[in-house]
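I have placed the structure first, in the form of structure tokens, so that the comments after it can refer back to it.
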Amino acid sequence: MPHALTLNAGSSSLKFGFFELGDLQGEPQSRILGLVERIGQGERAHIKAKGADGQVLLDQEYGRNHVPDHGTALARVVDFLREQRPDARLAAVGHRVVHGGPDYAEPTRLTPPVMDRLAQFEPLAPLHQPHNLSGARAALELFPDAIQVACFDTAFHRHHPWVNDTFAIPRKFYDQGVRRYGFHGLSYQYISETLEKTAPHLHSGRTIVAHLGNGASMCALMGGRSVASSMGFSALDGLPMGSRCGQLDPGVLLYMLMNEGMTPKEIEDVLYRQSGLLGLSGLSNDMRTLEAAGTEPAREAIDYFVFRIRRELGALAAALGGISTLVFCGGIGENSAHIREKVCEGMGWIGMELDTGRNLRGERIISTDLSRVRILVIPTNEEIVIARAARDSLAGAG
Ligand code: ADP
């Protein structure tokens, strides 16, 4: 029976999934899901993995410098998988690649020319793309006989309308690839496909998805397809995030450059790593920590986060010409009843009425029966989207 490995490399983490692909017709079956965290020089990396029914298979911290890069992290993952599943016949490896640029709107087999093209998008996603590609290079070496397929976070948005694809700057920049790409596409695809299967009447309508995790964005879906999203050229725009700023007047960048004399690297560090919830609270990028802290700056950071979500909700509803369904997903969207309640507070004017009991109990439908807008919580699953693409690629190569 063929198996697939899914890899999702962040700047200092590597998520992995091990799937059984059966006869390549049905749904890939997840057998192991895991995460290596704190990859990098001088860090004590940590690996954990769970089996299909949630049992912990591995939970281990490494010595300092034992996992200095993503290639080493992948080698550790492979050692663990070989030990767990000596029977494994790895036929496909699926990679989450953040940026597919203007070219790629579908999962794509990784060949040397495709890898070269994707490397050209590194400046467009400096914190993600180089790690995605180094993971892919390591996997190509480790599994030369497996099909390797890239799944792009930008792909789901590639067909959105031009007005949401461009900035109002001279057109030559658009032609160079300075566009509003949108991200979190694997998550939105999962939500769209889940709605199609479980609630087709909602899928065909106007849906806004709030993917609220450490990275956060929102997307407007018309009949299941992306028409607008809060993230743009880079994974910085839109909502404030754990440590990323979200929407920012470009004049602030000019001020930092010209008045503060900051270098581009210093500005990059501020916008990606020192802003968002962390920057406002001065405490943490982690929502759980902020909710527990109860200090004034922590509360203000949460207030700003919620305010921007509500503002984006109104904007996306206007882009859609209405809203019939709101979906929460991501670590915060799936787990924080408090944030969901604050987002939905006083939204009766748009037809949203939250059922506080259902919300607190974490049910799938958290709107009242009379609410015109259906409000749902759907745990997202980017790994299964990658595994399906790996399966389809393998079936196609048949
Ligand atoms: P990533 O973008 O790294 O995949 P996740 O989707 O895992 O992030 O989300 C991480 C965020 O979810 C963190 O801010 C974390 O505090 C938050 N979170 C997880 N569980 C809860 C919870 N029970 N209550 C509030 N926030 C939570």
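Since the structure is predicted, the reported quantities are computational estimates derived from the model, not experimental observations. Both counts, for ligands and for their atoms, begin at 1 and track the order of listing.
For the 3.5 Å distance criterion, the side chains of Thr198 and Arg364 qualify, holding a donor opposite an acceptor. Between the side chains of Thr154 and His99, not a single donor N or O lies within less than 3.5 Å of an accepting N or O. Residues Asn132 and His95 have side chains that never bring a donor and an acceptor to within less than 3.5 angstrom of each other.
When side chains are defined from C-beta on, Leu277 does not count as touching Ser243, because their heavy atoms never get closer than 4.5 Å.
Looking at Gly213 next to ligand 1, no N or O pair under 3.5 Å apart turns up. Taking only nitrogen or oxygen atoms, main chain and side chain alike, His211 does not reach within less than 3.5 Å of ligand 1. Taking only nitrogen or oxygen atoms, main chain and side chain alike, Met287 reaches within less than 3.5 Å of ligand 1. Polar contact check, Asp286 against ligand 1: a nitrogen or oxygen pair lies under 3.5 Å apart.
Asn214 CB, 3.4 Å is the protein heavy atom nearest to atom 3 (O) of ligand 1. In this structure, atom 24 (N) of ligand 1 lies nearest to the protein heavy atom Arg288 CG, 3.7 Å. From the protein, the heavy atom lying nearest to atom 11 (C) of ligand 1 is Ile332 CG1, 3.8 Å. Of all protein heavy atoms, the one lying nearest to atom 22 (C) of ligand 1 is Asn335 CB, 3.4 Å. At the shortest separation from atom 18 (N) of ligand 1 among protein heavy atoms lies Gly331 O, 3.6 Å.
Cation-pi geometry between Arg179 and Tyr174 is met: the NZ or CZ atom falls under 6.0 Å from the ring centre, inside 45° of the normal. Cation-pi geometry between Arg76 and Tyr62 is met: under 6.0 angstrom from the ring centre, within 45 degrees of the axis.
Within ligand 1, the atoms closer than 4.0 Å to a non-hydrogen atom of Glu291 are 24 (N), 25 (C), numbered from 1 in the order shown.
A heavy-atom separation below 4.0 Å is found between Gly215 and ligand 1. Residue contact annotation: Glu382 has no non-hydrogen atom under 4.0 Å from ligand 1.
Relative orientation of the Phe80 and Phe16 rings is perpendicular, given thresholds of 30° and 60° on the angle between their planes.
Considering Asn214, Ile302, Asn335 in turn, Ile302 is the only one that fulfils the side-chain contact (heavy atoms from CB on, under 4.5 Å) rule with Met287.
Using a 4.0 Å cut-off between heavy atoms, His338 makes no contact with ligand 1 at all. Proximity of Lys15 to ligand 1, defined as any heavy-atom pair under 4.0 Å, is confined to the side chain (atoms from C-beta onward).
Under the 4.0 Å criterion applied to side-chain N and carboxylate O atoms, Arg288 and Glu291 are not assigned as salt-bridge partners.
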